[in-house]
K.L.:
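Provided herewith is a single structure, encoded as structure tokens, for subsequent inquiry.
The structure displayed is predicted, hence computed values, not measured ones. Sequence positions, counted from 1, serve as the residue numbers for this chain.
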Amino acid sequence: VADQFPAFVLDFNNNGPGDDWGILSTGTNGLGQKPYQRYGVLRQLASQPGTAGATVSLTGYGTDLTCNLNLTQRTSDGPICAVTASFYTYNVDLTSGNSGSALLLNDEIIGIVTHCPCCNVATRIDNPDIATAISNLCPPSELGTTTLPFFDDVPNSALDRSEEHTSELQSPD
């Protein structure tokens with residue numbers, strides 16, 4: 001139970017390459033911890049998009065054509081083939097079951113794995129709908145970047161602090 005976290009889907013689109021993504025939050029495990037508290041690991045979202053030719057990687061639990069490593073965690077890397085306005089194509093060894101994995105460049109998330117086979121497709125995280133969903137999940141004020149002046153006229157009794165509405169994105173500081 002220490003490694004199990006309930007997931008709450010907050011927003012998603014399933015409209016094909018470049019617009020296939022989901023944003024979710026997690027509740028606490030049996031010890032009352034969020035994933036960052038449990039593992040001490042936070043994968044950052046990239047501030048800049050990737051470029052063609054850059055080496056990307058992903059880790060996932062995809063199927064294996066030989067069934068030797070079927071649905072086991074594996075990491076693979078390869079180059080970005082092309083960058084479009086809404087998605088990347090890339091040549092990384094992956095199969096069905098990896099959808100939703102993070103596409104990483106320099107250990108930062110640049111995309112969400114959605115389609116295969118080669119060249120594979122990942123929706124860019126700077127997709128405007130994704131950026132809005134992330135902002136709704138974790139407003140800038142929760143990241144310590146509140147715009148001044150700030151005025152809070154909401155009574156504390158009106159705030160909803162239930163698990164479903166508590167942000168999972170946390171600063172490592």
K.L.:
Are the side chains of Lys34 and Thr28 in touch, meaning some heavy atoms are under 4.5 Å apart?
P.N.:
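Yes, close enough: below the 4.5 Å cut-off.
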K.L.:
Please check: side-chain N/O of Ser101 versus main-chain N/O of Leu58, any donor-acceptor pairing under 3.5 Å?
P.N.:
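No, because the side chain of Ser101 does not come within donor-acceptor range (under 3.5 Å) of the backbone of Leu58.
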K.L.:
Taking the side chain as C-beta and beyond, is there a heavy-atom pair between Tyr90 and Val113 under 4.5 Å?
P.N.:
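Yes; the side chains approach each other to less than 4.5 Å.
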K.L.:
By the side-chain hydrogen bond (donor to acceptor under 3.5 Å, both in side chains) test, which pairs, at least two apart or in different chains, include something from residues 51-60?
P.N.:
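Counting only pairs at least two positions apart or across chains, the side-chain hydrogen bond (donor to acceptor under 3.5 Å, both in side chains) contacts touching residues 51-60 are Thr59-Thr75.
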K.L.:
Can you confirm whether Arg124 sits close enough to Ile110 that some side-chain heavy atom of one is under 4.5 Å from a side-chain heavy atom of the other?
P.N.:
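Not touching, per the 4.5 Å side-chain cut-off.
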K.L.:
Tell me, do Leu104 and Ile109 make a side-chain contact under 4.5 Å, heavy atoms counted?
P.N.:
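Leu104 vs Ile109: side chains touch.
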K.L.:
Can you list the residues that meet the side-chain hydrogen bond (donor to acceptor under 3.5 Å, both in side chains) rule with Gln33, with sequence neighbours excluded?
P.N.:
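Checked Gln33 against side-chain hydrogen bond (donor to acceptor under 3.5 Å, both in side chains); matches are Asn29.
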K.L.:
Looking at Ala122 and Leu103, what are the two nearest heavy atoms and their distance?
P.N.:
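Closest pair (atom of Ala122, atom of Leu103, distance): CB-CD2, 3.7 Å.
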K.L.:
Please report the interatomic distance OG(Ser86) to CG(Asn15), rounded to the nearest 0.5 Å.
P.N.:
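So the gap between those two atoms works out to 11.0 Å.
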K.L.:
Kindly indicate, with the supporting measurements, whether the criterion side chain to side chain contact (heavy atoms under 4.5 Å, CB included) is fulfilled by Asp129 and Thr132.
P.N.:
CA-CA 5 Å; Asp129 290 341; Thr132 298; 5.5 Å; no
K.L.:
Heavy atoms only: give me the nearest Cys81-Ala52 pair and the separation to one decimal.
P.N.:
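Heavy atoms only, the tightest pair is O-CB, 3.9 Å.
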K.L.:
Do Tyr88 and Val83 come within less than 4.5 Å of each other through their side chains, counting heavy atoms only?
P.N.:
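Yes - at least one pair of side-chain heavy atoms lies under 4.5 Å apart.
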K.L.:
Looking at every heavy atom in both Pro79 and Gly53, which two are closest together, and how far apart are they?
P.N.:
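Minimum heavy-atom contact is CB-O, 4.2 Å.
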K.L.:
Near Gln73 CD, under 6.0 Å, is it more than 12 heavy atoms from other residues, nucleotides or ligands?
P.N.:
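Yes - once you tally the heavy atoms of other residues, nucleotides and ligands closer than 6.0 Å, there are more than 12.
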K.L.:
Quick one: CD1 on Ile80 to CG on Leu105, what's the gap to the nearest 0.5 Å?
P.N.:
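If we round to the nearest 0.5 Å, Ile80:CD1 and Leu105:CG are 5.5 Å apart.
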K.L.:
In Å and rounded to the nearest 0.5 Å, what is the CD1 to CD1 distance from Ile23 to Ile130?
P.N.:
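These two atoms lie 6.0 Å from each other.
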K.L.:
Pick from Asn13, Thr114, Thr123: which one makes a side-chain hydrogen bond (donor to acceptor under 3.5 Å, both in side chains) with Asp19?
P.N.:
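It is Asn13, the one option of Asn13, Thr114, Thr123 that forms the side-chain hydrogen bond (donor to acceptor under 3.5 Å, both in side chains) with Asp19.
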K.L.:
Rounded to the nearest 0.5 Å, how far does OG1 of Thr26 lie from CZ of Arg38?
P.N.:
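So the CZ of Arg38 and the OG1 of Thr26 are separated by 13.5 Å.
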K.L.:
Please examine the side chains of Val92 and Asp77, heavy atoms only from C-beta on, and report whether any two atoms are closer than 4.5 Å.
P.N.:
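Side-chain contact under 4.5 Å: no.
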K.L.:
Under 3.5 Å, is there a donor-acceptor pair between the Asp3 and Tyr39 side chains?
P.N.:
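On atom types as modelled, these side chains qualify, holding a pair under 3.5 Å.
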K.L.:
Take Ile112 and Ile125 through the test side chain to side chain contact (heavy atoms under 4.5 Å, CB included) and record every step on the way to the result.
P.N.:
CA-CA 7 Å; Ile112 301 168; Ile125 59 138; 4.3 Å; yes
K.L.:
Should we count CG of Asn106 as having more than 12 external heavy atoms under 6.0 Å?
P.N.:
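Open.
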K.L.:
Side-chain contact, heavy-atom cut-off 4.5 Å: Trp21 with Asn127?
P.N.:
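A side-chain contact under 4.5 Å exists here.
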K.L.:
From Phe12 CZ over to Leu24 CG, what is the distance, rounded to the nearest 0.5 angstrom?
P.N.:
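Phe12 atom CZ to Leu24 atom CG measures 12.0 Å (nearest 0.5 Å).
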K.L.:
With the 4.5 Å side-chain cut-off for hydrophobic clustering, are Leu137 and Phe5 part of the same group?
P.N.:
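No, it is not one cluster - the side chains of Leu137 and Phe5 are not joined through contacts under 4.5 Å.
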